[in-house]
Amino acid sequence: VVTTEMSEIALPTFTEIMEKKIGSMLQEVAELLKNNPRGAVIKLTRAIALQPNNAELFRQRAEAYEALSDYYPAILNFRKALLLRPDNKDTLTFKLAQVCCAYGEHLCEEKQHLQALEMFKMALEYQPHNGEYALKRIMCLSVLKRYDECIEMIKKQLEEEGTSSGLYTSRSVLHMMFGNNTQAFYDACRALELDPSNFEASHLKDELKAKAESFKNQASLCTCTYTKCSEHDAVL
């Protein structure tokens with residue numbers, strides 16, 4: 001009788017089996033994200049059902065939604081990833097701000113400026129010192145004709161940033177709307193000092209100069225008319 005010594009075979013644990021399965025799914029997702037983000041969402045949703053506390057799965061599903069320009073669920077998934085991995089705060093808040101801003105821009109295109117304003121506000125909450133997001137919020141406030149808030153926010157941003165060609169340009173536009181042409185001209189010039197390639201500021205400066213020249217000519221014409229009238233009265 002031949003006897004063989006049975007060696008113990010270590011069976012994989014449930015956790016190891018799940019991790020292997022999730023790893024296989026993520027490899028498939030990496031390919032799907034390139035050409036079929038909708039398929040990636042479906043695959044990741046199945047994976048999340050197996051591992052509901054896996055932050056990486058939520059992060060990747062957020063990116064799949066972002067690729068589909070489906071911004072609201074992208075935001076929700078990035079938030080969930082942040083909740084599960086607060087140690088990855090810098091990366092995830094950066095992405096959250098980006099998606100909020102993209103959603104805000106989309107809402108602006110759809111003329112939904114009030115909702116867009118909230119998205120830009122949210123983007124700034126995640127990235128408080130981002131001048132681009134601040135400028136977009138300022139322009140959104142301007143469209144909504146909330147001018148006092150515009151001026152206040154520009155003032156605050158200038159105090160924080162020190163110098164910003166875009167902010168001076170925005171304030172120049174607002175001053176011009178209120179008829180404060182001298183201050184508008186100053187801000188346009190300051191914007192050009194900071195960024196000589198700022199086309200909008202250059203256009204504003206030229207427009208304000210043309211207005212000033214027009215006012216000067218009108219004033220000169222009025223003076224001449226008044227002088228001639230006075231001379232005529234004197235003769236009579």
Side-chain angles (χ1 to χ4, degrees), residues 55-56 58-60 62-63 65-67 69-110 112-178 180 183-184 186-202 204:
E56 179 61 16
F58 284 100
R59 186 192 69 78
Q60 292 209 27
E63 292 190 352
Y65 277 122
E66 184 184 4
S69 298
D70 205 349
Y71 300 112
Y72 186 67
I75 291 168
L76 293 180
N77 277 267
F78 275 127
R79 280 179 173 173
K80 182 65 175 179
L82 180 60
L83 183 66
L84 293 169
R85 283 288 306 276
D87 57 308
N88 199 21
K89 180 180 177 181
D90 289 347
T91 300
L92 291 171
T93 53
F94 178 79
K95 284 299 299 180
L96 272 162
Q98 276 190 330
V99 177
C100 288
C101 184
Y103 194 17
E105 289 171 344
H106 171 74
L107 289 167
C108 281
E109 290 172 4
E110 297 293 320
Q112 299 180 48
H113 294 99
L114 194 60
Q115 294 89 332
L117 184 64
E118 287 304 309
M119 285 299 107
F120 295 136
K121 179 183 178 183
M122 197 181 296
L124 278 168
E125 287 172 357
Y126 289 119
Q127 296 279 294
H129 304 296
N130 189 301
E132 179 188 352
Y133 300 155
L135 193 56
K136 289 182 185 297
R137 185 165 183 241
I138 287 164
M139 297 312 294
C140 203
L141 284 167
S142 176
V143 172
L144 292 167
K145 299 184 179 181
R146 291 161 62 170
Y147 302 125
D148 289 344
E149 291 177 66
C150 282
I151 294 290
E152 189 61 33
M153 190 171 176
I154 290 172
K155 180 182 177 182
K156 179 184 175 184
Q157 288 299 125
L158 286 171
E159 287 173 355
E160 290 180 0
E161 295 183 30
T163 55
S164 169
S165 181
L167 288 172
Y168 278 111
T169 303
S170 297
R171 193 167 70 176
S172 177
V173 171
L174 290 170
H175 279 308
M176 193 172 172
M177 288 172 64
F178 289 125
N180 301 330
Q183 189 60 48
Y186 169 80
D187 281 343
C189 290
R190 184 71 180 118
L192 283 169
E193 285 177 15
L194 295 168
D195 179 11
S197 65
N198 187 328
F199 175 79
E200 187 180 1
S202 178
L204 283 167

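For the pair Tyr186/His175, no side-chain contact is recorded, criterion being any heavy-atom separation below 4.5 Å from C-beta on. Between Met119 and His106 the shortest side-chain heavy-atom distance does not fall below 4.5 Å. A 4.5 Å side-chain heavy-atom check between Cys100 and Ile75 finds at least one atom pair inside the cut-off. Proximity of Leu107 to Glu118: side-chain heavy atoms (C-beta onward) are nowhere separated by under 4.5 Å. The shortest side-chain heavy-atom distance between Asp187 and Leu174 does not fall under the 4.5 Å cut-off. Contact of the Asn88 side chain with the Leu82 side chain is not registered, since no non-hydrogen atoms from C-beta on lie closer than 4.5 Å. At least one side-chain heavy atom of Tyr168 sits under 4.5 Å from a side-chain heavy atom of Leu158. The closest side-chain heavy-atom distance from Lys80 to Leu84 is below 4.5 Å.
Atoms CZ and OG, from Arg190 and Ser164 in turn, are 10.5 Å apart once rounded to the nearest 0.5 Å. To the nearest 0.5 Å, atom CG of residue Leu124 and atom NE2 of residue His129 are 10.5 Å apart. Here the CD-CD distance, from Gln98 to Glu132, works out to 9.0 Å after rounding to the nearest 0.5 Å. Taking NZ of Lys145 as the start and SG of Cys150 as the end, the distance is 12.5 Å to the nearest 0.5 Å. Atom CD of Glu110 and atom SG of Cys108 lie 10.5 Å apart (nearest 0.5 Å). In this structure, OG1 on Thr169 lies 4.0 Å from CG on Asn198, to the nearest 0.5 angstrom.
Listed for the Ser170 side chain is a donor-acceptor partner under 3.5 Å among the backbone atoms of Gly166.
In this structure, Glu56 pairs ionically with Arg59, as a charged nitrogen and a carboxylate oxygen lie closer than 4.0 Å. Salt bridge Lys156/Glu159: absent, no basic N to carboxylate O contact under 4.0 Å.
Thr93 and Tyr126 get closest at one heavy-atom pair: O-CB, 3.6 Å. The two residues Phe120 and Glu105 come nearest to each other via the heavy atoms CZ-N, 3.7 Å. Of all heavy-atom pairs spanning Ala55 and Ala81, the tightest one is O-CB, 3.6 Å. Smallest separation of non-hydrogen atoms from Leu167 and Ile154: O-CG2, 3.9 Å. Summarising the geometry of Ala97 relative to Tyr133, their closest heavy-atom pair is CB-CE1, 3.6 Å, with the distance given to 0.1 Å. Ala116 and Gly104 make their closest contact through CB-O, 3.4 Å (heavy atoms, listed as atom of the first residue, atom of the second, distance).
More than 12 heavy-atom neighbours from other residues, nucleotides or ligands sit within 6.0 angstrom of OH on Tyr147. A 6.0 Å sphere centred on CG of Asp87 holds more than 12 heavy atoms belonging to other residues, nucleotides or ligands.
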- Item | side-chain contact (heavy atoms from CB on, under 4.5 Å) between Arg146 and Leu117, worked out | CA-CA 11 Å; Arg146 291 161 62 170; Leu117 184 64; 3.4 Å; yes
